[in-house]
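The sequence lines fix the lettering, A, B, ..., with proteins before strands; numbering per chain opens at 1. What's counted below: heavy atoms across the whole structure, side chains too, no hydrogens, waters or symmetry copies.
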Amino acid sequence: AQSVAQPEDQVNVAEGNPLTVKCTYSVSGNPYLFWYVQYPNRGLQFLLKYITGDNLVKGSYGFEAEFNKSQTSFHLKKPSALVSDSALYFCAVRDTGNMLTFGGGTRLMVKP
Amino acid sequence: NAGVTQTPKFQVLKTGQSMTLQCAQDMNHEYMSWYRQDPGMGLRLIHYSVGAGITDQGEVPNGYNVSRSTTEDFPLRLLSAAPSQTSVYFCASSYGRDRLNTGELFFGEGSRLTVL
């Protein structure tokens, strides 16, 4: 069975600084990996995905993620954080049945 | 285009009561699913459906029933509510096994359930 780990419950960063939210995964076969964002009292919104190809994936709102097969990681990154990026971020992996397994979530706090 | 619509947004139940959380999507998606979100545990899959008339269990199905009589609707039934079912519930949909399927899920706004 596949699994996803997000080792940090919360990440704090100052506005304008680069941010990284970590994710590691465990799957058999080729991983289909996703990042979602959740703003307060809202559903999850898709940010980006890795299916195949280039290890650096670009997504919405200036976010990108780096797929590293040897380290089984899929870290979310942004070169310059905004206060409006403060939200709950979820990493997920898709199984063969198209269902997603989610990590526990990481709360990103961007301070002015 | 409304996307995925969940009702109600908030509900308080007493232990032992039953209720149904409604979910409807207008994107003609084949796949629909229900997740529950609990602090520190991410989202856990309750039940899912790959098409009308087909449902299957996810990671945490006990205490919940589902049915899929139409492509658009996927209600989640709590048969006898328990305090352990206090959670936020999300319905999600996606394309099926065809070229449109990028794996992306489309989520509703959530239903917050409290069982006393």
Members sharing B:L79's hydrophobic cluster (side chains within less than 4.5 Å): none
When clusters are formed by joining ILVMFWY residues with side-chain heavy atoms under 4.5 Å apart, either directly or through shared neighbours, do [X] and [Y] land in the same one?
X: A:V4; Y: A:V21; answer: yes
X: B:L21; Y: B:F90; answer: no
X: B:F74; Y: B:V4; answer: no
X: A:V37; Y: A:F46; answer: no
X: A:F74; Y: A:V93; answer: yes

Acceptor/donor pairs from residues 99-112 of chain A side chains to any protein atom, 3.5 angstrom cut, sequence neighbours excluded:
unit_1 : atom_1 : unit_2 : atom_2 : d
A:T101 : OG1    : A:Q2   : NE2    : 2.9
A:T106 : OG1    : A:Q6   : NE2    : 3.1
A:T106 : OG1    : A:E8   : O      : 2.7

Contacts with chain B made by residues 83-92 of chain A (heavy-atom distance under 4.5 Å), listed by residue number: A:L88, A:F90
Non-hydrogen atoms of chain B under 4.5 Å away: do they reach the side chain of A:Q38, the backbone, both or neither? side chain
Please state whether the side chain, the backbone, both or neither of B:Q37 comes within less than 4.5 Å of a heavy atom of chain A. side chain
For chain A, find its close neighbours in residues 105-116 of chain B: heavy-atom separation under 4.5 Å, sorted by number, or none. B:L105, B:F107, B:G108, B:E109, B:R112
What is the distance from atom CD of A:Q45 to atom CD of B:E104, rounded to the nearest 0.5 Å? 10.5 Å
Heavy-atom count check: over 12 atoms from other residues, nucleotides or ligands less than 6.0 Å from B:R77 CZ? yes
